[in-house]
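Worksheet: the structure to be examined is printed underneath.
Whatever order the structure lists ligands and atoms in, that order sets their numbers, starting from 1.
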Amino acid sequence: MSQNVRVRFAPSPTGGLHLGGVRTVLYNYLFAKHHNGKFIVRIEDTDQTRFVEGAEAYIFKTLEWCGLQPDESPLHSGPFEPYRQSERKPSYKKYAEELVSKGLAYYAFDTAEELEQKRKEIPNFQYGHATRGSLKNSLTLSKEETDQLVNSKTPYVIRIKIEPHQEIKFNDLIRGEVCFDTTQVDDKVLLKADEMPTYHLAVVVDDYLMQISHAFRGEEWLPSAPVHIFLWQYLFGLDKMPQWAHLPLILKPDGHGKLSKRDGDRLGFPVFAMDWLDPKTNETTQGFKEKGFLPQAFINMLAMLGWNSGIEQEIFSLEELVDKFSLERVHKAGAKFDFEKAKWYNHEWIKKLDASTLLLDVKNQLSSANINIEDDEKLTTIITLVKDRCTLLTDFLDQTKYFFKTPENIDLTAIQPKWDEKKTTFFRQIIAQWHNNFSSTAVELEQEFKALATTQEIKVGELMMPLRIMLVGGKFGPGVFDIATILGKDETIARIENVLTLLSK
Ligand code: GLU
């Protein structure tokens, strides 16, 4: 690619970041890094009515967690500062005025009440070619009347003037040629009464000023494309326009419609990247992070929702994704979200990562249950033993806590039906034996255990499960002698004794 690649993610800070939003970030990032380009985050906060406290900070925290750091953003200085549109307010008005002077936009003075009245009178009212001739704007008023209203500071907006029956075409990097008939396109507001631009004007002006080469965004923005193309054509020239790619939607698991937060609530899985505390309702929506996902798995799963590598491999690190990513392999059709598959990715990543990489996450899981571990070496050994059994990071709590705390619940019902005196004798004796000499390896402990079982003529298979329940509390966990080695002599003996006492009651 000869051109300097500069891409942008341009979120409006209106709430938590949906996984579709993170995927847009990811594809932007992968494309930029693949082409040694720059990834820019621009905050599109011109709609003050939709502004939500904390949403911008949340976006940056999410990007940090995902490891998708921007090169330029409100938090990462760059040559086109500021990167928050509300701070760029003075730069937009002149472009709207330029369009007015070219006859491609106009002043509209209609009040909110007047427009409301029109909406009541005309079904599906749109401010556009069919209605603007009967509304209060600089197309229907004389020049003197218009000047007088502007000079007397009557509030007005600037609207784009879209002519009907025109064909607007552009080449989408995913969809190929896309054509629109302008007849259905309304005269969008470009500049509001407070001189704040709307999204449509601001996105085009900033993509131009920030020298954006490629603009990737969700398919839901496709209907806005004709307005943007129009603005590009008349303000800056189509040769300067970024190349567009409208990314496929992420669909509900049944494939019917766009995946929404409500689907997640209904079906019991997260849709946001991280926990989002809505400041208005004070409600927290669980995120993938808090559900127990690794960022590596989350990113990997998202990359594959709408793109394929062309090879069988499914597990990719971020570096590998950067290397392999190409827009040609992004699908046109929407991608169905499958939570079981998302968990599969996480499980694969837990298996793949070293125990030492998982250490901090596991410590956090344990400390949430007030188990604070300082012995990193011991915890690392434990993680190595149990990690293949964990699908989510939250699974580590149950899979590791019994190493540090005597199990609270012991599944005696699994032992009792087949329990007899012979087994009591066996366990009493193994305690005595281990009391005198507790071998340091799992292999030796197992040999001693089996030898005693043979001497006492008990099937070793009938003793293993009771031993596991004595040490762990239930029928789970890695090799039982590995567990015993880590628990050590005193704790192993104490746990066996405890259960023998319970069984004798
Ligand atoms: N501000 C828009 C959003 O909230 C950006 C859309 C675009 O990338 O053009 O997603």
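- Applying the side chain to side chain donor-acceptor pair (under 3.5 Å) definition to pairs two or more places apart or across chains, those involving residues 266-286 are Asp263-Arg266.
- For Lys188, the side-chain hydrogen bond (donor to acceptor under 3.5 Å, both in side chains) partners at least two apart in sequence or on another chain are Asp186.
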Atom pairs, nitrogen or oxygen, ligand 1 to protein, under 3.5 angstrom:
unit_1, atom_1, unit_2, atom_2, d
ligand 1, 1 (N), Ala10, O, 2.8
ligand 1, 1 (N), Ser12, OG, 3.1
ligand 1, 1 (N), Glu44, OE1, 2.7
ligand 1, 4 (O), Ser12, N, 3.3
ligand 1, 4 (O), Ser12, OG, 3.1
ligand 1, 8 (O), Arg8, NH1, 2.8
ligand 1, 8 (O), Arg8, NH2, 3.3
ligand 1, 9 (O), Arg8, NH2, 3.1
ligand 1, 9 (O), Tyr199, OH, 2.7
ligand 1, 9 (O), Arg217, NH1, 2.9

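- A salt bridge links Glu340 with Lys343: at least one charged nitrogen is closer than 4.0 Å to a carboxylate oxygen.
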I'd like a table of donor-acceptor pairs (distance under 3.5 Å, sequence neighbours excluded) in which one partner is a side-chain atom from residues 10-22, with atom names and distances.
unit_1, atom_1, unit_2, atom_2, d
Ser12, OG, Glu44, O, 3.1
Thr14, OG1, Ser12, O, 3.4
His18, ND1, Gly20, N, 2.8
His18, NE2, Leu259, O, 2.8

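- A donor-acceptor contact closer than 3.5 angstrom links the side chains of Asn137 and Tyr127.
- Using a 4.0 Å cut-off between charged nitrogen and carboxylate oxygen, Lys161 and Glu163 count as a salt-bridge pair.
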